[in-house]
Amino acid sequence: MCGRYTLTVEAGDLAERFGVQVPDDYEKRYNAAPRQSLPVVRTGVDVDPEHAPEDVRDAGDRGREFAFAEWGLVPSWVGEPDDANRPINARSETVREKRSFRDAFERRRCLVPADGFYEWVERGGGKQPYRVTLADESVFAMAGLYEVWEGEVAQSSLAAFGADGDDDRRRRVESFTVLTTEPNDVVADLHHRMAVVLDREDETTWLHGDPDEAQALLEPYDGAMRSYPVSTAVNDPGNESPGLLEAVDV
DNA sequence: CCAGACGTTGTT
DNA sequence: GTCTGG
DNA sequence: CCAGACGTTGTT
DNA sequence: GTCTGG
């Protein structure tokens with residue numbers, strides 16, 4: 001599956017790769033973890049892909065945009081995001097049936113840019129992390145879903161915030177989840193699930209295609225990948241440095 | 001009808 | 001063992 | 001995903 | 001909001 005990943009490219013390269021504007025607060029990530037605010041490429045929040053004008057469906061600038069979102073999906077109907085299950089993954093096989101994902105699958109699919117993800121293998125007494133990349137180490141997109149939750153701030157939080165105006169009582173949480181499928185040959189050595197990695201030419205279909213077309217893309221990645229062991233320093237989500245990418249002996 | 005869940009992974 | 005935090 | 005906490009009363 | 005369980 002996918003519970004930790006890397007995105008180690010410069011803002012300019014990310015912008016060029018996905019055709020979006022990347023904000024100044026973008027930073028490379030060597031150990032992106034659940035609950036963090038991370039980059040996604042999505043359709044406009046108010047764009048309904050099924051009913052969007054042709055130019056939007058064809059993925060012009062209005063059709064895709066960069067956003068930061070929290071990893072762990074918060075459906076729009078939950079009462080309180082802090083109390084919600086926040087699934088970081090959604091099974092491709094059942095995603096269209098599940099209440100938590102169905103609406104997002106129909107209307108709010110996104111790309112999750114990455115240039116590697118980590119998988120752990122049980123080793124006597126601990127867990128050995130491996131990093132999986134494309135064979136050429138280029139950036140790819142994982143298939144994701146995003147949500148926008150808006151609601152009132154819980155009463156208990158009001159005092160802490162000292163809120164008084166109506167606007168201060170509103171809260172907005174944008175979030176995403178990564179789809180999983182069966183592993184390809186490279187990942188099967190490490191794990192029995194893997195993130196859906198999209199072929200580059202399918203990214204627009206994932207964002208703007210109809211749901212049946214999108215579903216057809218949820219297959220194990222067929223291109224060349226490689227994996228290599230990395231330091232157990234990766235295990236601690238507080239560690240975040242370029243050194244985490246270095247191969248180690250096992 | 002109302003109440004309560006709504007998810008994945010992995011492990012037993 | 002299980003939940004929360006990152 | 002893994003790491004780390006897992007609690008209360010009272011006082012600052 | 002919508003589905004499942006009782």
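Numbered from 1 within each chain, the chains take letters A, B, ... in sequence-line order.
A/N31 approaches A/E240 most closely through the heavy-atom pair N-OE1, 3.1 Å.
Side-chain contact between A/E182 and A/E219 is absent, with no heavy atoms from C-beta onward closer than 4.5 Å.
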As a check on the pairing definition, encode DNA chain B in dot-bracket form, counting Watson-Crick and G-U wobble pairs whose two distances are under 3.5 Å, and using | for partners outside this strand. ||||||......
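If you check every strand for non-hydrogen atoms under 4.0 Å, A/L73 touches nothing. At the heavy-atom level, A/R91 lies under 4.0 Å from the strands shown only through sugar-phosphate atoms. A/T94 comes within contact range of the sugar-phosphate backbone alone, with a heavy-atom separation under 4.0 Å but no base atom that close. Across all strands shown, A/E122 has heavy atoms under 4.0 Å from sugar-phosphate atoms exclusively, and none from any base.
The nearest whole Å value for the distance from the CG atom in A/L244 to the C1' atom in D/dC2 is 13 Å.
Remark: side-chain polar atoms of A/D115 are paired, donor with acceptor, to backbone N or O of A/T8 under 3.5 angstrom.
Along DNA chain E, read 5' to 3', the first and last nucleotides having any atom under 4.0 Å from a heavy atom of chain A are E/dG1 to E/dT4.
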Let me see the working for A/W206 and A/F105 under ring pair (Phe, Tyr, Trp, His ring centres under 6.0 Å), right down to the final yes or no. CA-CA 10 Å; A/W206 177 251; A/F105 189 92; 5.7 Å; yes
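Paired with A/R131 under the rule side chain to side chain donor-acceptor pair (under 3.5 Å), one option of A/Y228, A/Y118, A/Y5 passes, and it is A/Y228. Exactly one residue among A/R171, A/R170, A/E174 makes a side-chain contact (heavy atoms from CB on, under 4.5 Å) with A/E150. That residue is A/R170.
Between A/K98 and A/D103 there is no salt bridge, since none of the side-chain N atoms of the basic residue sits less than 4.0 Å from a carboxylate O of the acidic one.
Between A/K98 and the phosphate of B/dC6, there is no side-chain N or O to OP1/OP2 separation shorter than 4.0 Å.
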